[in-house]
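Proteins come first, then strands; the chains are lettered A, B, ... in the order of their sequence lines, and each starts at number 1.
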Number of protein chains: 2
Amino acid sequence: MLTERQLLILRAIIDDYIQTAQPVGSRTLSKRDDLSFSSATIRNDMADLEDLGLIEKPHTSAGRIPSEVGYRYYVDHLVETKIIDERATYHLGERLRASAQESEVLIRQAADLLSDLTNYTTVALGPNSQMNRLARIDLMPLDERRGVVLIVTDQGHVEHRTVVFDSPMAPDVVEQTVRFLNNRLKGTPLGQLKLRIGEEVSKLHLAHQEQFEFMMQLIQSTVGVHHPASLYLGGKKNIFNQPEFQTLDTLRPFLEWIDEQERLTDWLESLPNREIYVSIGSENGIVALQNCSVITSDYTLDGQTFGTIAMIGPTRMDYRHGVQMMGQIIEALRRTKLEE
Amino acid sequence: MLTERQLLILRAIIDDYIQTAQPVGSRTLSKRDDLSFSSATIRNDMADLEDLGLIEKPHTSAGRIPSEVGYRYYVDHLVETKIIDERATYHLGERLRASAQESEVLIRQAADLLSDLTNYTTVALGPNSQMNRLARIDLMPLDERRGVVLIVTDQGHVEHRTVVFDSPMAPDVVEQTVRFLNNRLKGTPLGQLKLRIGEEVSKLHLAHQEQFEFMMQLIQSTVGVHHPASLYLGGKKNIFNQPEFQTLDTLRPFLEWIDEQERLTDWLESLPNREIYVSIGSENGIVALQNCSVITSDYTLDGQTFGTIAMIGPTRMDYRHGVQMMGQIIEALRRTKLEE
DNA sequence: GATTAGCACTCGATGAATATGAGTGCTAAC
DNA sequence: GTTAGCACTCATATTCATCGAGTGCTAATC
């Protein structure tokens with residue numbers, strides 16, 4: 001167990017290192033107001049903290065820097081996560097509300113806002129449309145050989161795709177098919193739509209059966225396309241200001257990783273569902289993010305579970321501030337009503 | 001006027017420098033098979049070329065590197081632009097054709113392909129929907145307070161926006177409005193749509209005038225949103241392999257610039273309409289691209305003018321290869337029929 | 001027993017001095 | 001007009017000494 005003083009010192013080392021990105025030495029610490037011990041005393045405690053694996057030295061004659069274990073301890077014991085600053089949250093809410101009544105714009109704004117507040121990079125995953133329910137499906141001929149399939153959900157989400165016919169479609173068949181599908185499928189979650197269309201087709205025997213089935217296929221194929229949830233990146237260039245990313249060796253993997261939209265989406269979707277979760281350094285298991293920490297949280301908007309937002313910074317990130325801002329943003333989103 | 005030998009030397013210097021990114025000296029050149037002169041002779045010609053501003057030396061004891069003027073001369077006189085390799089073009093066409101019948105996917109593929117072929121970064125601007133003509137407009141209520149405005153064009157392009165009502169909309173008014181708008185506006189170019197809606201509204205006197213006008217406004221506001229043409233980036237990480245972008249000072253402006261989608265779009269749209277145009281170094285007038293050259297070209301797809309594609313590399317880019325590949329890609333696109 | 005002063009020691013960072021070598025410009029010979 | 005020869009330049013790499021922040025240990029002090 002750590003003594004009171006060791007705790008103070010650990011906290012001081014991490015706070016200091018977070019600010020300066022420089023190893024911190026015993027003399028520097030002894031000059032702080034909240035640490036009125038001699039540098040020798042601090043050195044002794046530092047040696048203990050090092051034995052416990054909480055801090056480490058880059059080399060003999062440098063100061064100490066926190067280890068990942070140290071950060072973990074800091075985050076788990078020394079960062080208070082639950083305190084919501086009502087005023088600040090309200091203020092954030094105002095800034096979000098001002099932006100839009102459309103959810104996609106709102107999420108983008110939230111991502112930008114969070115990265116502005118923290119100077120880290122943020123990634124926000126929008127609503128997964130698979131849970132949306134079908135409001136209307138439509139097939140609209142453009143000319144003899146092409147048409148547009150439109151799918152609108154109860155949340156106002158729209159998917160569309162241009163399709164090509166082998167032969168002209170009879171307008172009445174199109175209309176009939178569309179009406180039929182709408183009657184049968186309204187309210188179906190998008191995720192089940194493809195399956196459901198298949199079921200409906202098999203139940204049927206109609207005139208124009210052939211054309212009918214062909215259209216069904218077209219529509220089905222539209223639904224089948226993997227429509228990834230919308231992804232927003234905020235403050236990508238913040239990374240350039242981080243001292244640990246001033247060399248290509250560190251910068252390149254990060255930038256390459258963050259530009260890979262699909263991988264990013266998969267990663268965000270794979271995160272455990274929690275309110276606020278901090279993953280430190282190599283904990284996240286991603287090689288490109290070895291030297292990064294991530295604060296993630298699911299968020300709700302207007303009462304409904306919506307998506308995930310993540311904040312990525314160097315391992316030496318300001319966890320206290322980051323966690324607080326994250327908390328305020330998701331609280332502000334939670335309180336935001338879509339219909340203004 | 002340049003002598004035959006000076007031309008040979010200029011070409012050799014540029015070819016060599018493009019390959020190695022190192023200043024090239026007289027001794028290196030004299031060892032080439034196609035330059036059977038002594039290093040002293042070459043030095044004399046180099047001095048002349050330098051006087052003409054075609055090459056320059058980074059410092060006294062280094063070799064020569066091409067100046068922007070030199071590159072300009074090289075591109076204008078020593079790169080043949082019109083030769084299309086039928087086989088290669090056909091092959092590219094096949095690779096594109098395999099990908100999709102949907103234009104947006106196709107453009108994305110073309111951008112990726114071009115960056116794969118050249119190892120430079122490419123940017124492609126999709127069709128500008130402002131020229132598309134309205135095929136259908138629709139307003140679809142989701143619940144009492146929200147609806148989706150849908151706009152579909154003759155090219156299969158879809159725009160949509162969620163709108164909020166103050167009060168519930170009567171279904172028959174909605175239907176009436178939509179029918180009216182479709183009758184009047186079908187075939188209108190998207191760019192003029194907003195204006196035209198305004199005109200139509202002012203001509204009218206109907207029951208439900210108020211709700212009617214309100215809807216019109218909603219639809220108008222949807223159209224008014226600046227919907228940028230679709231933009232695709234290919235091979236962004238190629239920049240990491242360029243020796244001139246191995247330091248943050250050079251890399252950062254480039255990456256920050258290329259990530260700014262809106263600015264990129266404006267820039268591409270502002271380019272002069274031409275088949276293939278090469279802009280060298282500071283010619284492009286963009287600070288972030290001081291040390292870059294750009295090969296741009298408008299392209300057509302399936303006969304219709306479509307958009308712009310650009311290839312961005314260091315000033316020391318392989319112009320010959322770049323221009324050739326660009327030519328092949330736009331030729332392949334031109335020959336691609338959308339309906340497969 | 002806990003704290004602190006004192007001191008030898010470590011080791012990265014900084015900077016001056018030096019060596020290296022690729023490349024040039026000029027001159028004189030071919 | 002071309003080439004060999006040579007003095008000169010200058011960025012780069014290397015070596016070496018110095019500096020100083022920081023440590024660990026020991027002995028004195030509270």
Side-chain angles (χ1 to χ4, degrees), chain A residues 1-10 12-14 16-17 19-67 70 243-244 246-247, chain B residues 1-10 12-14 16-17 19-67 70 243-244 246-247 249-250:
Chain A
M1 210 48 242
L2 295 183
T3 68
E4 191 73 15
R5 195 177 58 207
Q6 284 169 338
L7 224 69
L8 263 176
I9 292 176
L10 177 61
I13 290 174
I14 298 184
D16 202 284
Y17 184 67
Q19 276 242 307
T20 65
Q22 297 297 324
V24 353
S26 52
R27 233 181 82 82
T28 318
L29 286 180
S30 74
K31 275 187 288 197
R32 286 174 64 123
D33 290 340
D34 56 340
L35 287 179
S36 53
F37 315 99
S38 78
S39 64
T41 310
I42 291 172
R43 272 205 293 285
N44 289 332
D45 279 338
M46 281 168 112
D48 291 345
L49 290 172
E50 190 174 358
D51 289 342
L52 291 169
L54 293 168
I55 57 179
E56 51 198 20
K57 29 183 183 198
H59 57 87
T60 326
S61 70
R64 302 301 213 292
I65 61 174
S67 68
E244 32 273 277
Q246 297 297 309
T247 69
Chain B
M1 208 48 243
L2 295 184
T3 68
E4 191 75 16
R5 194 176 59 206
Q6 284 170 338
L7 224 68
L8 264 176
I9 292 176
L10 177 61
I13 290 174
I14 298 184
D16 201 282
Y17 185 67
Q19 276 242 306
T20 65
Q22 297 298 323
V24 356
S26 53
R27 233 181 80 82
T28 318
L29 286 179
S30 75
K31 275 186 288 195
R32 286 175 64 124
D33 290 341
D34 55 342
L35 286 179
S36 52
F37 317 99
S38 78
S39 63
T41 310
I42 292 173
R43 272 204 293 284
N44 289 332
D45 280 338
M46 282 168 111
D48 292 345
L49 289 173
E50 189 173 358
D51 288 341
L52 292 169
L54 294 168
I55 56 178
E56 52 198 19
K57 28 183 185 201
H59 58 87
T60 327
S61 70
R64 302 303 212 291
I65 61 174
S67 70
E244 33 273 277
Q246 296 297 308
T247 69
D249 296 341
T250 51

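What separates CG of A/Leu49 from P of D/dG24 is a distance of 12 Å, to the nearest Å. Straight-line distance from the OH atom of B/Tyr17 to the P atom of C/dG23: 14 Å, rounded to whole Å. As rounded to whole Å, 16 Å separates atom P of C/dG1 from atom CG of A/Asn44. The nearest whole Å value for the distance from the CD1 atom in A/Ile65 to the P atom in D/dG22 is 14 Å. Between the P atom of D/dT23 and the CD atom of A/Glu56 lies a distance of 14 Å, rounded to the nearest Å. The interatomic distance linking B/Met46 (CE) with D/dT3 (C1') rounds to 16 Å, in whole Å. Going from atom CG of B/Asp45 over to atom P of D/dT3 covers 11 Å, rounded to whole Å. Distance NZ (B/Lys57) to P (C/dA22): 18 Å, rounded to an integer number of Å.
At most 12 non-hydrogen atoms from other residues, nucleotides or ligands lie less than 6.0 angstrom from CD of A/Gln19. Taking a 6.0 Å sphere around CZ of A/Arg27, one finds it holds 12 or fewer heavy atoms contributed by other residues, nucleotides or ligands.
Here the side chain of B/Ser67 pairs no donor or acceptor atom with the backbone of B/Glu56 at under 3.5 angstrom.
Among the heavy atoms of the strands lying under 4.0 Å from B/Ala40 is at least one base atom, whether or not backbone atoms are also near. Looking at heavy-atom distances under 4.0 Å, B/Arg64 makes contact with sugar-phosphate atoms alone, never a base.
B/Thr60 has a side-chain polar atom (N or O) that falls below the 4.0 Å cut-off from OP1 or OP2 of D/dC10. Regarding contacts with the backbone of C/dC11, every side-chain N or O of A/Ser61 stays at 4.0 angstrom or more from both OP1 and OP2. Checking the phosphate oxygens (OP1, OP2) of C/dA2, no side-chain nitrogen or oxygen of A/Thr41 falls inside 4.0 Å. Residue B/Arg5 has a polar side-chain atom (N or O) positioned under 4.0 Å from OP1 or OP2 of D/dT2.
Between B/Asp45 and B/Ile42 there is no side-chain heavy-atom pair separated by less than 4.5 Å.
Across A/Asn44, A/Leu10, A/Thr41, a single residue satisfies side-chain contact (heavy atoms from CB on, under 4.5 Å) together with A/Arg5, and that is A/Thr41.
In this model, a side-chain donor or acceptor of A/Arg43 finds a partner on the base of D/dG24 within 3.5 Å.
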